[in-house]
Amino acid sequence: MIPTSYVFGHESVIDEVATNMAAFSAARCLFRSYSLVKNVDQNTGILIRCSRRMLCSAPSDSSSPDAHVKPQFMDSEVQDILTRITGLNLEKVFRPIKQELKPPKYKLMTDAQLEEATQSAREQAQRLLKMPPVLPERKPINDVLSEDKILEGMDTAKYVFTDITFNIPHRERFIVIREPTGTLRKASWEERDRILQVYFPKEGRRLTAPPVFKEENLKMVFGQDRHEDMLDLCQVQFEPDSSEYIRVHAATYEDLEKMGKYDLLRSTRHFGGLVWYLVNARRVDGLMIDMLQKDLLQDAVSLVGLFNKVHPHSETAQEASSQQAYGLDLLKIYAKRESQRAGYVELALQAYEQTSAESTV
Amino acid sequence: MVRLSSFLLKTYHGGHIVIRLAMAGHKQSNRPFYRIVAAYNKRARDSKYIEQLGSYDPLPNIYNEKLVSFNSDRIKYWMGCGAHPTKPVAKLLGFAGFFPLHPMTVTEAERRRALAEQAEGAAPEEVVKQQEL
């Protein structure tokens, strides 16, 4: 059993939990009275308009293949799609996290105040759901500033010199190492992270990575369905472009995809990263089936739209742009052309059509 | 007397400003740790300083590194105001590349190398002597 101190850093483990969000209790009241409020209905109109807009841009991409620029994670359109797919389940975002035990606060509010409180809770939730960046892996630093052979044998230990001027960003700080052989070189990325943690400590970060991040321990954590905690811990410990961060995230996403447990990340800030990884690896089938089974048709449509944007030379994208399809047709094209588990996807589509026909009838 | 007058005139200070190493271990532990500090020349080594400019840990850590930090911005300021660095500080900053290399570092390195060669020269001789015996 992994002790929870690994996962929750320096906070003590308490079984009882309490929230400190007055807005959360207000949102809870709201949810009890409006139990079927979902974003799905609100977003339908926006989605259809957006899917049309996306397909209008697709022909221009395919008509000039030489000028194709691969959409990046931080593009506003990509971020829009990913935010929509992530969903906004207020209950899950503001669920009690392990904190100091405080008695809950109750407030008496009018309807207008309740709506204001819900609105501010929504904005707070959107800020909490801000996606962490996905960056390419950083290139190692091999810069040698000077080689002084005359200094060889001056000492048995290395000297690490850090510039602790206050106003420089950490990426531009000078951290140089004088080896016992006399070479003066810049510090490597791992050394930089460690030494910056010594002089400018970040909360929750440790000097040496906790052993949870080794392969065997990761598997144990995934067996306990704690992917989200794992990703949060990884966020705190490593820089977004370090190899460790990318490795842990890849392992988490692989395990989620293998088990099909997309729901664990659904209303958290890591869902966008998961979708981006799967779209780039072209393995969107599992997620698609999961969405169709949960009747999230609009999410599935926007997922296929995102896939077409990122891989505009694939068959799906070209056929979709030629037929100007949207909605269920997009999904059918995807099921025919690209997916490996076409049978499953078509079955799920048929089941959805049946249920929608029954509900309209 | 210098000390009496400094007691009477609160703003009097003897000497100039230096950048030097001050021990920060409170004299009780068997573990030295230095602060790189801008202080008045006549003050005691560990007593009140004007500004701390960095630190130096002479004992290597588990990665065999001796950690030195210095605030280059403020060191430039104090040097501009006419502060003198002491020999150990000048040597450290010469290692860092902030100052040019101190000549004594080269001499020390040569001396150490000579000692090491002598020790190597002595050790094989001893081995040979033991074998002969």
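Note on naming: letters A, B, ... go to the chains in the order of the sequence lines (proteins, then strands), and numbering restarts at 1 for each one. Only this structure's heavy atoms are used, side chains among them; waters, hydrogens and symmetry mates stay out. Since the structure is predicted, the reported quantities are computational estimates derived from the model, not experimental observations.
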- request: Measure Tyr159(A) against the heavy atoms of chain B and call it side chain, backbone, both or neither at under 4.5 Å.
  value: both
- request: Answer whether the closest heavy-atom distance between the side chains of Tyr63(B) and Arg194(A) falls below 4.5 Å.
  value: yes
query: How far does CD of Glu110(B) sit from CD of Glu152(A), to the nearest 0.5 angstrom?
result: 12.5 Å
query: So, the side chain of Arg178(A) versus the backbone of Leu92(B): is there a donor-acceptor pair under 3.5 Å, distance only?
result: no
field: Gap between atom CG of Asp155(A) and atom CD of Glu108(B) - 0.5 Å precision
entry: 9.5 Å
field: Leu184(A), part contacting chain B, at a heavy-atom distance under 4.5 Å
entry: side chain
field: Under 4.5 Å from any heavy atom of chain B - which part of Leu145(A)
entry: neither
- request: Evaluate the side-chain proximity of Asp163(A) to Phe98(B): yes if any heavy-atom separation is below 4.5 Å, no if none is.
  value: no
field: Any Asn167(A) side-chain heavy atom under 4.5 Å of Asp73(B) side chain
entry: no
- line: In this structure, OG of Ser55(B) is separated from CD1 of Ile164(A) (nearest 0.5 Å) by 6.0 Å
statement: Minimal heavy-atom distance between Arg113(B) and Leu151(A), with the atoms involved, is NH2-N, 4.3 Å
field: Residue selection (most heavy-atom pairs with chain A, distance under 4.5 Å) from Leu101(B), Asn61(B), Leu53(B)
entry: Leu101(B)
query: When rounded to the nearest 0.5 angstrom, what is the spacing between CG in Leu67(B) and CZ in Phe161(A)?
result: 10.5 Å
- prompt: More than 12 non-hydrogen atoms from neighbouring residues, nucleotides or ligands closer than 6.0 Å to CZ on Phe174(A), yes or no?
  reply: no
Nearest-0.5 Å distance, CZ of residue Phe70(B) to OG1 of residue Thr165(A): 8.0 Å
field: OG1 on Thr156(A) to NZ on Lys66(B), rounded to 0.5 Å
entry: 6.0 Å
